[in-house]
Enquirer: 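Structure provided below as structure tokens; questions to follow.
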Amino acid sequence: MITMAVTRRMFGVLERVAPGPGAVLAERIWCSVPRGPVRPADPPGQRFTVTVHGRPVVAESWGDGPAVYLMHGWGGWRGQFQSFVAPLVAAGHRVVALDAPGHGDSAPGAYGRGRGLLTEFADALTEVTRIAGPAYAIVGHSAGGTATALAALDGLTAERLVLIAPMADPLAYTTDFARSLGFDERIRTRFLRRLERRVGRRTTELDVAGRATGRDDLPPLLVVHDYADKEVRYADGQAIVAAWPEAEGRWSNGLGHRRILRDPATVAAVVDYLTWSRVAQPVS
């Protein structure tokens with residue numbers, strides 16, 4: 001097993017003498033999807049499959065009514081939103097949760113088994129809504145929240161959005177990534193160019209806060225973020241609220257990055273935001 005110390009030494013050498021191969025390795029690590037336990041929803045919904053870029057994406061639905069779509073985060077799966085399903089169904093919604101390519105029960109994406117791309121989250125969400133019906137609202141967590149915002153910025157319509165622990169700009173995290181692995185700008189700039197070619201988009205197009213600034217055609221938005229989040233800085237959530245034309249924030253302390261999805265107060269606040277007379281209400 002290669003230790004972090006060995007990895008850092010290796011990248012230090014590659015930074016000096018072979019930044020090209022270093023960029024190849026950095027891209028592979030950046031796009032690697034962590035694998036954890038994938039548990040079925042309880043109770044199970046109606047499972048269906050949608051083809052996205054020639055690959056099957058698995059989704060599941062419960063209830064009837066205006067559709068609320070649930071988009072999990074990096075390394076997650078649709079069952080992570082289980083706490084939201086029953087309250088939303090009880091409030092009169094059809095709930096649809098999907099697994100992004102390379103996650104959960106869905107097939108691997110374009111980069112192959114064990115890897116994923118943020119843009120594939122947005123593409124899968126857009127295609128599932130096209131097949132399963134228009135979105136009344138979309139709730140996204142972490143990278144899934146960022147992908148939800150990007151899909152909306154690209155034209156996916158919904159009456160309301162909720163982003164839980166979203167990244168405002170993934171590019172900012174590549175600096176932290178480089179520092180943690182022990183490489184600098186020679187590898188990082190090449191890694192970013194490789195990533196742009198792979199996803200077919202400039203990294204600036206993934207900047208949610210930057211792209212939302214000055215727009216007046218976006219749906220109302222609630223951002224939920226925890227001050228103790230160690231994976232995505234809560235300042236990202238604040239930046240999105242500041243940039244989005246009609247947005248509000250709900251901030252907690254002590255729930256972290258994932259437990260926030262199981263917190264009863266958080267779930268209730270999100271459901272209330274999506275259901276109170278179908279009109280956005282302030283959440284303190």
Side-chain angles (χ1 to χ4, degrees), residues 1-38 72-77 80 100-104 108-122 140-147 149-150 165-210 225-237 239-240 256-259:
M1 181 177 180
I2 299 177
T3 66
M4 180 56 72
V6 171
T7 299
R8 288 179 58 83
R9 286 197 295 271
M10 177 181 64
F11 270 110
V13 172
L14 292 172
E15 174 74 21
R16 294 191 301 274
V17 303
V24 173
L25 181 57
E27 183 192 29
R28 289 176 180 172
I29 295 172
W30 174 265
C31 295
S32 293
V33 176
R35 299 296 294 182
V38 177
H72 65 78
W74 193 257
W77 73 99
Q80 287 180 308
H103 292 71
Y111 199 169
R113 186 171 302 278
R115 296 190 174 91
L117 302 169
L118 178 63
T119 50
E120 291 180 330
F121 280 65
H141 174 239
S142 190
T146 305
L150 292 173
M167 291 181 291
D169 181 7
L171 180 62
Y173 286 83
T174 64
T175 301
D176 299 336
F177 173 67
R179 186 181 302 113
S180 69
L181 292 182
F183 62 86
D184 212 327
E185 288 303 295
R186 296 186 74 203
I187 288 179
R188 194 178 81 94
T189 54
R190 289 168 174 79
F191 149 59
L192 291 176
R193 287 199 296 268
R194 290 185 60 85
L195 197 58
E196 287 181 335
R197 289 195 296 270
R198 188 170 297 279
V199 303
R201 303 191 70 164
R202 300 292 299 273
T203 53
T204 53
E205 296 179 47
L206 307 181
D207 179 359
V208 172
H225 216 138
D226 191 81
Y227 290 115
D229 192 329
K230 294 181 179 179
E231 295 190 31
V232 178
R233 294 179 282 267
Y234 76 87
D236 284 31
I240 293 174
H257 189 66
R258 291 181 178 81
R259 191 155 58 90

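Worth knowing before you read on, the calculation uses all heavy atoms, side chains too, and leaves out hydrogens, waters and symmetry mates.
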Enquirer: Hey, does the Lys NZ or Arg CZ of Arg233 hover above the aromatic six-ring of Tyr173, less than 6.0 Å from the centre and inside 45° of the axis?
Expert: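 Pair Arg233/Tyr173 counts as cation-pi.
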Enquirer: Over 60° means perpendicular and under 30° means parallel, so classify the ring planes of His72 and Phe121, tilted if in between.
Expert: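 Judged by the thresholds at 30° and 60°, the geometry between Phe121 and His72 is perpendicular.
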Enquirer: Rounded to the nearest 0.5 Å, how far apart are CZ of Arg194 and OG1 of Thr189?
Expert: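 Interatomic distance, Arg194 CZ to Thr189 OG1, rounded to 0.5 Å: 12.5 Å.
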Enquirer: Looking only at heavy atoms, which two atoms of Pro166 and Val232 are closest? And how far apart?
Expert: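 Nearest pair, atom of Pro166 first, then Val232: O-CG1, 3.3 Å.
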Enquirer: Grab the two heavy atoms, one from Ala168 and one from Ala239, that are nearest each other, plus how far apart they are.
Expert: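 The pair with the smallest heavy-atom distance is CB-CB, 4.2 Å.
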Enquirer: To the nearest 0.5 Å, what is the distance between CG (Asp207) and CD (Glu205)?
Expert: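 Output value for this atom pair is 11.0 Å.
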Enquirer: Looking at Arg113 and Pro108, would you say the former's side chain and the latter's main chain have a donor-acceptor pair under 3.5 Å?
Expert: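 Not a single qualifying donor-acceptor pair exists.
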Enquirer: Between Thr203 and Asp169, is the side-chain contact (heavy atoms from CB on, under 4.5 Å) condition met? List the steps.
Expert: CA-CA 9 Å; Thr203 53; Asp169 181 7; over 6 Å; no
Enquirer: Test side-chain contact (heavy atoms from CB on, under 4.5 Å) on Arg259 and Asp226 and set out the steps.
Expert: CA-CA 10 Å; Arg259 191 155 58 90; Asp226 191 81; over 6 Å; no
Enquirer: Grab the two heavy atoms, one from Leu181 and one from Phe11, that are nearest each other, plus how far apart they are.
Expert: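 Heavy atoms only, the tightest pair is O-CB, 3.3 Å.
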Enquirer: Rounded to the nearest 0.5 Å, what separates atom CZ in Arg16 from atom CG in Asp184?
Expert: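 Separation between the atoms: 11.5 Å.
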Enquirer: How many angstroms lie between CG in Leu171 and CD in Glu196, if you round to the nearest 0.5 Å?
Expert: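 Leu171 atom CG to Glu196 atom CD measures 8.5 Å (nearest 0.5 Å).
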Enquirer: Check this for me: does any side-chain nitrogen of one of Arg188 and Glu185 sit under 4.0 Å from a carboxylate oxygen of the other?
Expert: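 Yes, Arg188 and Glu185 are salt-bridged.
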Enquirer: Checking salt bridge (Lys or Arg N to Asp or Glu O under 4.0 Å) against Glu27, which of Arg197, Arg198, Arg115 comes through?
Expert: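 The single option meeting the salt bridge (Lys or Arg N to Asp or Glu O under 4.0 Å) with Glu27 is Arg198.
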Enquirer: Output yes when a side-chain donor or acceptor of His141 lies under 3.5 Å from a complementary backbone atom of His257, and no otherwise.
Expert: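 Judged by distance alone, yes, a pair lies under 3.5 Å.
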Enquirer: Under 30°, 30 to 60°, or over 60°: which ring-plane class applies to Tyr227 and Tyr234, parallel, tilted or perpendicular?
Expert: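 Rings of Tyr227 and Tyr234: perpendicular, over 60°.
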Enquirer: With rounding to the nearest 0.5 angstrom, report the OG1 to CH2 distance, Thr146 to Trp74.
Expert: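 Answer rounded to 0.5 Å: 11.5 Å.
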Enquirer: Tell me the closest heavy-atom pair linking Asp236 and Met167, and the distance in Å.
Expert: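 Looking at all heavy atoms of both residues, the shortest contact is OD2-CA, 3.4 Å.
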Enquirer: In terms of relative ring orientation, are Phe177 and Phe183 parallel, tilted or perpendicular, with 30° and 60° separating the classes?
Expert: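 Judged by the thresholds at 30° and 60°, the geometry between Phe177 and Phe183 is perpendicular.
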Enquirer: For Gly182, does its backbone N or O pair with a side-chain atom of Glu15 as donor and acceptor, under 3.5 Å?
Expert: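 The answer is no, because no donor-acceptor pair under 3.5 Å joins these two groups.
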Enquirer: Between CZ of Arg179 and CZ of Arg8, what distance do you get to the nearest 0.5 Å?
Expert: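 Nearest 0.5 Å value for the CZ-CZ distance: 10.0 Å.
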Enquirer: Using every non-hydrogen atom in the two residues, find where Ala149 and Val208 come nearest and quote the distance to one decimal.
Expert: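 Heavy atoms of Ala149 and Val208 come nearest at CB-CG1, 3.7 Å.
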Enquirer: Please name the pair of heavy atoms, one in Leu118 and one in Pro170, separated by the smallest distance, quoted to 0.1 Å.
Expert: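 Closest approach of Leu118 to Pro170, heavy atoms only: CD2-CG, 3.8 Å.
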